[in-house]
Each structure stands twice: as structure tokens, then as C-alpha cells.
Amino acid sequence: MVKSGNLFAKLPTSSAEEEFTNLLTLPGARVERIVSTGQASPEGYWYDQAWTEWVVVLSGSAALLMEGEDSPRILRLGDYVEIPPHVRHRVEWTEAGAPTVWLALHGA
């Protein structure tokens, strides 16, 4: 079956939680759309994943802090980052005035 859609369809303008939409699942890989509307990682919380994650910001902006770095990486339209397995990271902030749309690829 052929699937299609639009990454900017049905964007929330505000929400208490980030929205995660699984777009594609293949053996060893998953693609998801993430929509943030001002969210950040909880204080003291660090993501520590067993897989590589590649993310790109398609709209909006966000700050992503990697453990051991002095300051967060500011990500805007078109900026991407590859996060190797077990590199602890956190979202410091996402733009509150407009949705931040991420495309994430999770792989082995």
C-alpha cells in the first residue's frame, strides 16, 4: 500500500504535551514527526537512548543540550544533528509562539 501525507498538516498551535506521529517503521529504523509547542525536557531529565537518532528542524526552533557541552545547540529551519547511542541529551526549550516541527529518524 502506498502511503502519503503532509508533514505540516494538522499542526497543534498549543498543547501541554509534544505530539509524536509515527510515519514509517522498517526493520531497524523508524521515522517520526514531532511537534513541540513550547515544551522542554523536565528539569534534570536526560534522554539516553540505545540507538542513533537523527533529527532535523523543519519549522520553528529549539535548543538541544548534549551532556558535557557548555551551551545548547540552537536548531532552526533546516538544522540537523545526529545523536549517537548513549549520548545523553535534553531539550532546553522549543519555540512557544509557533509549532516546532521535527523529523526524527531512529535507527540501530
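Every heavy atom of this structure was used, including side-chain atoms; hydrogens, water molecules and symmetry mates were not. Note that the structure is a prediction, hence the values are computed from the model and not measured.
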Under a 3.5 Å distance rule, please check whether His89 uses its side chain to pair with a backbone N or O of Val87 as donor and acceptor.
yes
What pairs with Trp54 under ring-ring contact (aromatic ring centres under 6.0 Å, His included), at least two apart in sequence or on another chain?
Tyr80
When every non-hydrogen atom of Ile34 is compared with those of Glu18, the smallest separation belongs to CG2-OE2, 3.9 Å
What is the minimum heavy-atom distance between Gly107 and Trp51, and which atoms define it?
O-CB, 2.9 Å
Is there a donor-acceptor contact under 3.5 Å linking the side chains of [X] and [Y]?
X      : Y     : value
Thr37  : Gln39 : yes
Thr100 : Glu95 : no
Trp46  : Ser41 : no

What I want to find out is whether Glu19 reaches Arg33 closely enough, with some N-O distance under 4.0 Å, to be called a salt bridge.
yes
Side-chain heavy atoms of [X] within contact of [Y], under 4.5 Å:
X     : Y      : answer
Ile83 : Thr52  : no
Glu53 : Val81  : no
Val57 : Val101 : no

side-chain hydrogen bond (donor to acceptor under 3.5 Å, both in side chains) with Asp79: which residues, sequence neighbours excluded?
none
Residues which pass salt bridge (Lys or Arg N to Asp or Glu O under 4.0 Å) with Glu32, listed by chain and number, not counting sequence neighbours:
Arg30
